[in-house]
Amino acid sequence: MGFKFWKKTGDALSKTRAYFSSGLDALFSRKTKIDAETLDDLEALLIGADLGVTVTRRLIEALSVSVDRKEVSDLVALKAKLRETLLEILNTAIVPSADFQAPLVTLFVGVNGVGKTTSIGKMAAQLKSERKTVLLAAADTFRAGAAKQLSIWGERAGAEVIQHPGTDADPSAVAYDAVSAALARKVDHLLIDTAGRLQTKHNLMEELKKMIRVISKQIPDAPHRKILVLDATTGQNALSQAEHFQKATSLTGIVLSKLDGSGKGGIIVPIVESLSVPVLYVGVGESMEDLIPFDAEAFVSGLLGDEGTGF
Ligand SMILES: Nc1nc2c(ncn2[C@@H]2O[C@H](COP(=O)(O)OP(=O)(O)OP(=O)(O)O)[C@@H](O)[C@H]2O)c(=O)[nH]1
Ligand SMILES: [Mg+2]
């Protein structure tokens, strides 16, 4: 695991970590042994870190069993147990195999302003640096300026953008043309940008389903990856977003963006727990290199404020 991931994830999670560490320290400054009251206080702390009721209950149950067995009696052991259970949750979601015939088609979905276009730009740049050929599709035909924004990222990354003129183009038609172009040019990756949409807008979710149907007409198992971008600063609404997009598109992965500005990174745990969809990347800033492959161990260490993680 690279230092960069530790460093960046650690920095990005500094707010969440501060919350947890200071909370745990406060919990233990008042007493030396773990009892029912400690677990009650911890429960409140975990809920406050956006881990949600189900995950918190699972963590507290795992801890009480360990406390009863006298396996956990101090802060260090308690953190180790928390870490083990959190990793269990984050690692159960299966990352889809990257075994495919090019082009690998990735569709980015999510509510407005979460960081879809930026994440595509960052990913395109990284793929290019790995000497992959990349095509982008401006299938956000709703917001004026969306295609332009993607083109700027395309220029930076050195990836061409398929787009239709005007703002009333059909996003499915753009996606269709982009898949044709990706097949004709034999590119390795096609990254498709979509318009931000509220998860509760039925017709917009139907539009996404249509896009997926249209894409699969040319490549039966495409889009191979359906990635939901979630803004880490959102808090509990992210769970509702994840559930609705999951229902409409059968997600294969999550990008957790804006972790750098968030004290709420913990929200991802109940999402992974309830959807069984893995986090693939985290966004930790606005520039090209600020998209980092998700590493559950580094993430949990950052969350818990563990020692010796290099940040
Ligand atoms: N700090 C920070 N800012 C980010 C990150 N990802 C995206 N942003 C910023 O968030 C804002 C919105 O990003 P976009 O990529 O335009 O979001 P979008 O989901 O495409 O938005 P719509 O297309 O309007 O739905 C921009 O100002 C980005 O620079 C991140 O990881 N960290
Ligand atoms: Mg966008």
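Remember, it's 1-based here, ligands and their atoms both numbered in the order they're listed. The figures here come from the full heavy-atom set of this structure, side chains too, leaving out hydrogens, waters and symmetry mates. Numbering starts at 1 and runs along the sequence shown.
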Chemist: To check you understand the geometry: which heavy-atom pair defines the closest contact between I162 and A181, and what is its length?
Modeler: CD1-CB, 3.8 Å
Chemist: Just to verify, which of L191, L228, I192 counts as forming a side chain to side chain contact (heavy atoms under 4.5 Å, CB included) with L107?
Modeler: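 Exactly one candidate clears the test, I192.
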Chemist: Are G110 and ligand 1 in contact, using a heavy-atom cut-off of under 4.0 Å?
Modeler: no
Chemist: Give the atom numbers and elements of ligand 1 that come within less than 4.0 Å of a heavy atom of G196.
Modeler: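 Those of ligand 1 that fall under 4.0 Å from G196 are 25 (O).
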Chemist: Would you please determine whether V229 falls within less than 4.0 Å of ligand 1 on a heavy-atom basis?
Modeler: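 V229 does not count as a contact of ligand 1 under the 4.0 Å cut-off.
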Chemist: Using side-chain hydrogen bond (donor to acceptor under 3.5 Å, both in side chains) as the criterion, list what pairs up with T117, not counting sequence neighbours.
Modeler: D193
Chemist: side-chain hydrogen bond (donor to acceptor under 3.5 Å, both in side chains) with E37: which residues, sequence neighbours excluded?
Modeler: K31
Chemist: Is K116 in polar range of ligand 1, meaning some N or O pair under 3.5 Å apart?
Modeler: yes
Chemist: Below the 3.5 angstrom mark, is there an N/O of G115, backbone or side chain, next to an N/O of ligand 1?
Modeler: yes
Chemist: Which ligand 1 atoms are under 4.0 Å away from a heavy-atom of E286?
Modeler: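 Those qualifying, in numeric order: 1 (N), 2 (C), 3 (N), 4 (C), 9 (C), 27 (O), 28 (C), 29 (O).
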Chemist: At a non-hydrogen distance cut-off of under 4.0 Å, which region of T118 contacts ligand 1 (side chain, backbone, both, or neither)?
Modeler: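 The part of T118 near ligand 1 is both the backbone and the side chain.
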Chemist: Say whether S257 and D231, considering side chains only, have a donor N or O and an acceptor N or O under 3.5 Å apart.
Modeler: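 Checked: S257/D231 side chains show no N/O donor-acceptor pair below 3.5 Å.
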Chemist: Measure from atom 24 (O) of ligand 1 to every heavy atom in R197, Q149, R143 and give the option owning the shortest one.
Modeler: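 Residue with the shortest heavy-atom distance to the ligand atom: R143.
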Chemist: I'd like to know if K210 pairs up with E207 as an ion pair, taking the criterion as any Lys NZ or Arg NE/NH1/NH2 lying under 4.0 Å from an Asp or Glu carboxylate oxygen.
Modeler: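 Salt bridge: no.
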Chemist: Table please: side-chain donor-acceptor pairs of residues 51-59 below 3.5 Å, with sequence neighbours left out.
Modeler:
{"unit_1": "T56", "atom_1": "OG1", "unit_2": "G52", "atom_2": "O", "d": "2.6"}

Chemist: If we set the cut-off at 4.0 Å for heavy atoms, which region of V284 has an atom near ligand 1: side chain, backbone, both, or neither?
Modeler: backbone
Chemist: For the Mg ion (ligand 2), count the protein N, O or S atoms found under 2.8 Å away.
Modeler: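 Every protein N, O or S atom under 2.8 Å from the Mg ion (ligand 2) counted, the figure is 1.
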Chemist: Tell me yes or no: between the side chains of E286 and T118, is some donor less than 3.5 Å from an acceptor?
Modeler: no
Chemist: Go through ligand 1 atom by atom and flag the ones less than 4.0 Å from a non-hydrogen atom of D140.
Modeler: 23 (O)
Chemist: Less than 4.0 angstrom from a charged side-chain N to a carboxylate O is my criterion; do D74 and K79 meet it?
Modeler: no
Chemist: At their closest point, which heavy atom of I89 faces which heavy atom of T92, and how far apart are they?
Modeler: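 Minimum heavy-atom separation between I89 and T92: O-OG1, 2.8 Å.
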Chemist: Any idea which heavy atoms bring A102 and V187 closest together, and the distance?
Modeler: CB-O, 3.5 Å
